[in-house]
Amino acid sequence: MKKKECEKCKKSFRMAFRASYKPVKEWVFLCNDCLIEVRRDNEHYRYGGTFKG
Ligand SMILES: [Zn+2]
């Protein structure tokens, strides 16, 4: 099974979420916990889909 590394906590997950959360639109993969964290009060947050390894 393929895994994606979370851009924020640097751990590998089978399921990750593609998102952009910075003023510069840059797509990264995040785990569920980090996604919730970056999404909070973030006007730059964009959801780009779910990765399943
Ligand atoms: Zn994470």
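Both counts, for ligands and for their atoms, begin at 1 and track the order of listing. The chain is numbered in sequence order, starting from 1.
The closest side-chain donor-acceptor pair between Glu7 and Tyr21 falls under 3.5 angstrom.
By the ring pair (Phe, Tyr, Trp, His ring centres under 6.0 Å) test, Tyr45 pairs with no residue at all, sequence neighbours left out.
Of all the heavy atoms in Ala16 and Lys4, the pair that sits closest is CB-CB, 3.8 Å. Heavy-atom minimum distance, Cys6 versus Cys31: SG-N, 3.4 Å.
Within 6.0 Å of NZ in Lys10 there are more than 12 heavy atoms belonging to other residues, nucleotides or ligands.
Around the Zn ion (ligand 1), the protein contributes the following N, O or S atoms at distances under 2.8 Å: Cys6 SG, Cys9 SG, Cys31 SG, Cys34 SG.
Relative orientation of the Phe29 and Phe51 rings is perpendicular, given thresholds of 30° and 60° on the angle between their planes.
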